[in-house]
Amino acid sequence: MVGAAGIRAKRVVHLVFALKRAWYRLRYRRLTLGRDVEIRGRIRLRRGVRVSIGDRSRLNKLVRFAGPGEVRVGADCLLNATWIGTWTSVTVGDRCLLSDCELLDNDFHNLPPGERHAPPGPATRAPIVLEDNVWIGAHALVLKGVRVGRNSVVGAATVVRADVPPGVVVVGNPQQTVKKFHD
């Protein structure tokens, strides 16, 4: 049974999270926060990015979003010191865990030597999709045009350059499937 002091403490915690949500909504007009989002660290939005965070998601440490694109994070997610750079879109499904990782839907520069200093063209970007219940490990890098299938795990320090099927664990650079989950 929770005593009166425990109930008061719980109310104070809810109030603190409500105040942080209100402050970030005022600070960033392009940020949409769902019900009961817990901002335990800080959020930083840059370069016009539009961000939507689903209900009951938690953001720890410094979570950064940059670029002119759009980021949609589902419900019940955890973003821990994550950096998302988007020129198109990054979609994160429900119940995903994103450790200290980077998701980049663009190359930031053109690949051909003569075009590297020109503004990035359409070939430099493609959307990223993380389906439901995906776990991205610390220091992993998910690159443009990738879809990570539902219930999959991307191991720490993995570079994801190609689609990941549902229900597997991938590790390494280049990524390799090392485990398949059986339903």
Side-chain angles (χ1 to χ4, degrees), residues 21 24-34 37-112 115-150 152-154 156-164 170 173-175:
R21 285 191 300 271
Y24 276 108
R25 284 181 181 125
L26 288 173
R27 181 173 181 184
Y28 297 118
R29 299 284 185 204
R30 294 179 179 202
L31 173 65
T32 304
L33 297 173
V37 168
E38 294 183 4
I39 302 167
R40 299 174 180 191
R42 297 179 299 147
I43 301 174
R44 182 177 299 151
L45 276 65
R46 296 284 187 255
R47 301 184 69 193
V49 65
R50 292 174 313 281
V51 178
S52 173
I53 309 288
D55 296 343
R56 297 171 308 281
S57 288
R58 301 169 322 269
L59 291 83
N60 292 336
K61 299 183 182 177
L62 173 60
V63 178
R64 299 171 294 161
F65 305 93
E70 182 175 357
V71 177
R72 291 180 305 277
V73 177
D76 303 303
C77 291
L78 171 64
L79 281 68
N80 190 49
T82 304
W83 189 79
I84 299 176
T86 179
W87 279 74
T88 60
S89 69
V90 174
T91 303
V92 178
D94 295 337
R95 297 178 323 281
C96 289
L97 302 172
L98 279 63
S99 297
D100 184 6
C101 62
E102 296 182 13
L103 284 65
L104 305 173
D105 75 351
N106 62 85
D107 296 332
F108 292 101
H109 301 281
N110 298 301
L111 186 59
E115 299 174 23
R116 287 188 188 151
H117 294 279
T124 65
R125 51 190 158 238
I128 292 173
V129 176
L130 305 182
E131 295 179 0
D132 293 344
N133 201 32
V134 166
W135 178 10
I136 307 292
H139 307 292
L141 176 61
V142 179
L143 298 175
K144 69 178 184 180
V146 167
R147 175 178 288 271
V148 179
R150 140 185 231 107
S152 286
V153 176
V154 173
T158 298
V159 177
V160 182
R161 303 180 314 174
D163 288 352
V164 175
V170 296
N173 181 12
Q175 74 199 48

Looking only at atom types and distance, does a side-chain atom of E131 sit under 3.5 Å from a main-chain N or O of G149, one as donor and one as acceptor? no
Taken to the nearest 0.5 Å, the spacing of F65 CZ from E70 CD works out to 12.0 Å
With heavy-atom distances below 4.5 Å as the criterion, would you say the side chains of L103 and L130 are in contact? yes
Correct closest heavy-atom pair for G34 and V37 would be O-CG2, 3.3 Å
Between the CG atom in L141 and the SG atom in C101, the distance rounded to the nearest 0.5 Å is 9.0 Å
Value for CG (D107) from CZ (R116), rounded to nearest 0.5 Å, stands at 11.5 Å
Taken to the nearest 0.5 Å, the spacing of H109 NE2 from T124 OG1 works out to 10.0 Å
* Under 3.5 Å, is there a donor-acceptor pair between the side chain of Y24 and the main chain of I43? -> yes
inquiry  = Is it the case that the side chain of N110 and the backbone of P119 share a donor-acceptor pair, with hydrogens and angles ignored and the cut-off at 3.5 Å?
reply    = yes
Heavy-atom closest pair (A140 atom, V154 atom, distance to 0.1 Å) is CB-CG1, 3.9 Å
CG (L78) and CG (L59) are apart, to the nearest 0.5 Å, by 8.0 Å
*asked:* Quick check on R25: does its CZ atom have over 12 non-hydrogen neighbours (other residues, nucleotides or ligands) under 6.0 Å away?
replied: yes
Between R44 and Y28 the two heavy atoms that sit nearest each other are CA-OH, 3.5 Å
Problem set entry | Test item: I39 and L33 side chains (from C-beta on) under 4.5 Å apart, heavy atoms | yes
Q: Could you tell me whether the side chain of R40 reaches within less than 4.5 Å of the side chain of R58, counting heavy atoms only?
A: yes
The complete set of side chain to side chain donor-acceptor pair (under 3.5 Å) pairs with one or both residues in residues 74-103, sequence neighbours excluded, reads R56-D76, R72-T91, T86-D105, T88-D105
CG (N106) and NZ (K144) are apart, to the nearest 0.5 Å, by 8.5 Å
Worksheet item: Any donor-acceptor pair under 3.5 Å linking the side chain of S57 with the backbone of C77?
Response: yes
- Query: Any donor and acceptor pair, going by atom type alone, linking the side chain of Q175 with main-chain N or O of T158 inside 3.5 Å?
  - Reply: no
